[in-house]
Visitor: 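To start, I am sharing the structure in question, which I have written as structure tokens.
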Amino acid sequence: MDQAEGLTKDAPILRVEGLSMTFPSAEGGLDTLDDISFQVYPRDFVCILGPSGSGKTTLLRLLAGLLQPTAGRVLLGGHEVSRPPEGVGFVFQNANLMPWRTVLENITLPLEIAGAPAHSYPQQAREMVELVGLEGFEHSLPRDLSGGMAQRVAIARALVHDPQVLLLDEPFGSLDALTRERMRTELLRIWNARQKTVVMVTHSINEALFLADRVLVFSQRPARLCLDLDVELPRPREQEMVHTSYFGALARRVREAIGLQRQGEPAAVLW
């Protein structure tokens, strides 16, 4: 049975408890995360912000079971994560598509690895192609796709095995500004269609506030959680919301938490 089954809004699907991470180094150890704790609820969209090098990607890798913490623990659906669990999909900063496989073949890769029945591949892959808006490109190779299209394939690949939680590590960071804005809207459409729990790392305050229900702000390394901010913007989100006074006030709080703006100063240009 799906571990998310039966969970209510009051029961977190993901729990992070006292998470600390130190990497070995010639100087005796590089402290990256320091006593991080938070909870994520079913169908929440959570964005993580913080200075470069503050351990945001490290946190995602811990959530995915790709790393083991120095202290603390991660629980998914009440079960401690000690290795990559089946219920997590991961989208990296780069699409990382296999260049010799078509769009459909890249999307079905997780099904093949999991040993799913081969007869189920075509239908599931076509459903994902339709979800991410790539009809007509099913048999294209990665070299024939734009950056935004490649990231759509990566998102489809992460969703094809129906994960409980989708982890996104700055998936639009390499895209130009116009494509990035379009992909934000597309991501919200996909999230609304599938209602997955999402945890996403971004360096953009604007992007985090536009997408998320909550924004978690990390301090400089070793990272501590210095702000857990609810974003009470209505859904569906419209681009015009970024120009409202409420959006500006949220952005100011995030910038103050990161240390980019002193209290009482006018809001600087958003990232």
Side-chain angles (χ1 to χ4, degrees), residues 2-5 13-14 42-43 45-46 57 60-61 63-66 76-77 81 83-176 179-202 207 211:
D2 192 322
Q3 292 174 352
E5 218 173 289
I13 189 172
L14 190 65
R43 297 171 295 283
F45 198 126
V46 176
T57 293
L60 285 194
R61 291 178 178 273
L63 298 184
L66 300 174
L76 175 66
V81 175
R83 57 185 177 82
E86 293 181 1
V88 173
F90 204 129
V91 179
F92 297 90
Q93 294 179 24
N94 298 311
N96 295 324
L97 304 180
M98 291 187 172
W100 60 89
R101 296 178 69 117
T102 66
V103 166
L104 282 178
E105 290 167 344
N106 268 287
I107 291 172
T108 59
L109 182 60
L111 301 176
E112 296 172 32
I113 293 173
H119 65 80
S120 69
Y121 298 174
Q123 180 62 29
Q124 289 176 266
R126 289 191 183 94
E127 287 177 4
M128 290 297 105
V129 164
E130 182 177 347
L131 178 69
V132 300
L134 284 176
E135 298 97 326
F137 293 92
E138 294 91 337
H139 304 292
S140 298
L141 292 172
R143 68 184 180 217
D144 301 318
L145 305 176
S146 68
M149 293 168 72
Q151 282 301 90
R152 291 180 191 220
V153 177
I155 292 170
R157 182 179 59 190
L159 287 172
V160 73
H161 66 294
D162 195 27
Q164 301 171 56
V165 176
L166 182 63
L167 305 176
L168 304 170
D169 188 7
E170 204 176 356
F172 312 139
S174 62
L175 304 179
D176 64 84
T179 303
R180 184 167 184 156
E181 184 173 308
R182 186 162 58 249
M183 286 299 297
R184 291 173 191 163
T185 304
E186 282 297 291
L187 178 58
L188 284 183
R189 179 185 63 79
I190 293 166
W191 172 81
N192 187 61
R194 286 296 170 122
Q195 290 291 290
K196 294 298 180 184
T197 304
V198 174
V199 181
M200 174 175 167
V201 163
T202 176
E207 184 168 87
L211 293 173

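Counting from 1, the numbers follow the sequence of the chain as shown.
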Visitor: Test Leu111 against Val160 for side chain to side chain contact (heavy atoms under 4.5 Å, CB included), laying out the working first.
Guide: CA-CA 8 Å; Leu111 301 176; Val160 73; 3.9 Å; yes

Visitor: Shortest non-hydrogen contact from Gly148 to Leu175?
Guide: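 Where Gly148 meets Leu175 most closely, the heavy atoms are N-CD2, 3.7 Å.
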
Visitor: Do Pro99 and Leu141 come within less than 4.5 Å of each other through their side chains, counting heavy atoms only?
Guide: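 The answer is no, as the side chains (C-beta and beyond) never meet within the 4.5 Å cut-off.
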
Visitor: State, with a plain yes or no, whether a side-chain heavy atom of Met149 is found less than 4.5 Å away from one of Leu134.
Guide: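 Yes, their side chains come closer than 4.5 Å.
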
Visitor: Shortest non-hydrogen contact from Arg61 to Phe92?
Guide: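 So the two residues come closest at NH2-CE2, 3.9 Å.
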
Visitor: Which atoms form the tightest heavy-atom contact between Ala64 and Pro85, and what is the distance?
Guide: O-CD, 3.4 Å

Visitor: Would you confirm whether Gln151, through its side chain, and Ala95, through its main-chain N or O, come within 3.5 Å as a donor-acceptor pair?
Guide: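 Between the backbone of Ala95 and the side chain of Gln151 there is a qualifying donor-acceptor contact (under 3.5 Å).
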
Visitor: Indicate yes or no: at least one non-hydrogen side-chain atom of Pro142 is less than 4.5 angstrom from one of Asn106.
Guide: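 Touching, per the 4.5 Å side-chain cut-off.
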
Visitor: Heavy-atom distance under 4.5 Å between the side chains of Thr185 and Leu188, does that happen here?
Guide: no

Visitor: Would Leu166 and Arg194 count as a side chain to side chain contact (heavy atoms under 4.5 Å, CB included) if you check the C-alpha gap in whole Å, the side-chain angles of each, and the deciding distance to 0.1 Å?
Guide: CA-CA 11 Å; Leu166 182 63; Arg194 286 296 170 122; over 6 Å; no

Visitor: Compare all side-chain heavy atoms of Val132 with those of Val153 and state whether any distance is below 4.5 angstrom.
Guide: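 Not touching, per the 4.5 Å side-chain cut-off.
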
Visitor: Do side-chain atoms of Arg152 reach the backbone of Leu131 as a donor and acceptor pair under 3.5 angstrom?
Guide: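 Not confirmed, Arg152 side chain does not pair with Leu131 backbone.
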
Visitor: Which heavy-atom pair separates Gly65 from Pro84 by the least distance, and what is that distance?
Guide: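 In this case the closest contact between Gly65 and Pro84 is O-CD, 3.3 Å.
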
Visitor: With sequence neighbours excluded, tell me which residues meet ring pair (Phe, Tyr, Trp, His ring centres under 6.0 Å) with Phe137.
Guide: none

Visitor: Are the side chains of Met200 and Leu187 in contact, using a 4.5 Å heavy-atom criterion?
Guide: yes

Visitor: Can you check side chain to side chain contact (heavy atoms under 4.5 Å, CB included) on Arg157 and Leu97, steps first, answer last?
Guide: CA-CA 9 Å; Arg157 182 179 59 190; Leu97 304 180; 3.7 Å; yes

Visitor: In plain terms, say whether Arg184 and Glu181 are close enough for a salt bridge, that is, a side-chain N and a carboxylate O under 4.0 Å apart.
Guide: no

Visitor: Among Val201, Val91, Val199, Leu60, find the one that has a side chain to side chain contact (heavy atoms under 4.5 Å, CB included) with Leu168.
Guide: Val91

Visitor: When rounded to the nearest 0.5 angstrom, what distance separates CD in Glu170 from CZ in Arg180?
Guide: 5.5 Å

Visitor: Are Leu14 and Thr197 side-chain neighbours, meaning at least one heavy-atom pair lies under 4.5 Å?
Guide: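 Leu14 vs Thr197: side chains apart.
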
Visitor: Looking at Glu127, I want to see if its CD is surrounded by more than 12 non-hydrogen atoms of other residues, nucleotides or ligands under 6.0 Å.
Guide: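 Above 12, so yes.
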
Visitor: Would you find a donor on one side and an acceptor on the other, under 3.5 Å apart, between the side chain of Arg126 and the backbone of Glu138?
Guide: no

Visitor: Check the pair Gln124 / Asp162 against side chain to side chain contact (heavy atoms under 4.5 Å, CB included), numbers first and verdict last.
Guide: CA-CA 10 Å; Gln124 289 176 266; Asp162 195 27; over 6 Å; no

Visitor: Taking C-beta and beyond as the side chain, do Trp191 and Leu211 meet within less than 4.5 Å on heavy atoms?
Guide: no

Visitor: Thr102 side chain to Glu105 main-chain N or O, any donor-acceptor pair under 3.5 Å?
Guide: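 Yes; judged by distance alone, with no hydrogens or angles, the pair exists.
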
Visitor: Would you say Glu130 has more than 12 foreign heavy atoms packed within less than 6.0 Å of its CD?
Guide: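 Incorrect, the count does not exceed 12.
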
Visitor: For residues Ile107 and Ala156, report the shortest heavy-atom separation together with the two atoms involved.
Guide: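 Ile107 and Ala156 have their closest heavy atoms at CD1-CB, 3.8 Å.
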
Visitor: Out of curiosity, Ile155 CD1 to Met128 CE, how far, rounded to the nearest 0.5 Å?
Guide: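 Reported value, rounded in 0.5 Å steps: 11.5 Å.
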
Visitor: When rounded to the nearest 0.5 angstrom, what distance separates CZ in Phe90 from CG in Leu63?
Guide: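 Result: 8.5 Å between the selected atoms.
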
Visitor: At their closest point, which heavy atom of Leu104 faces which heavy atom of Ala125, and how far apart are they?
Guide: CD2-CB, 3.5 Å

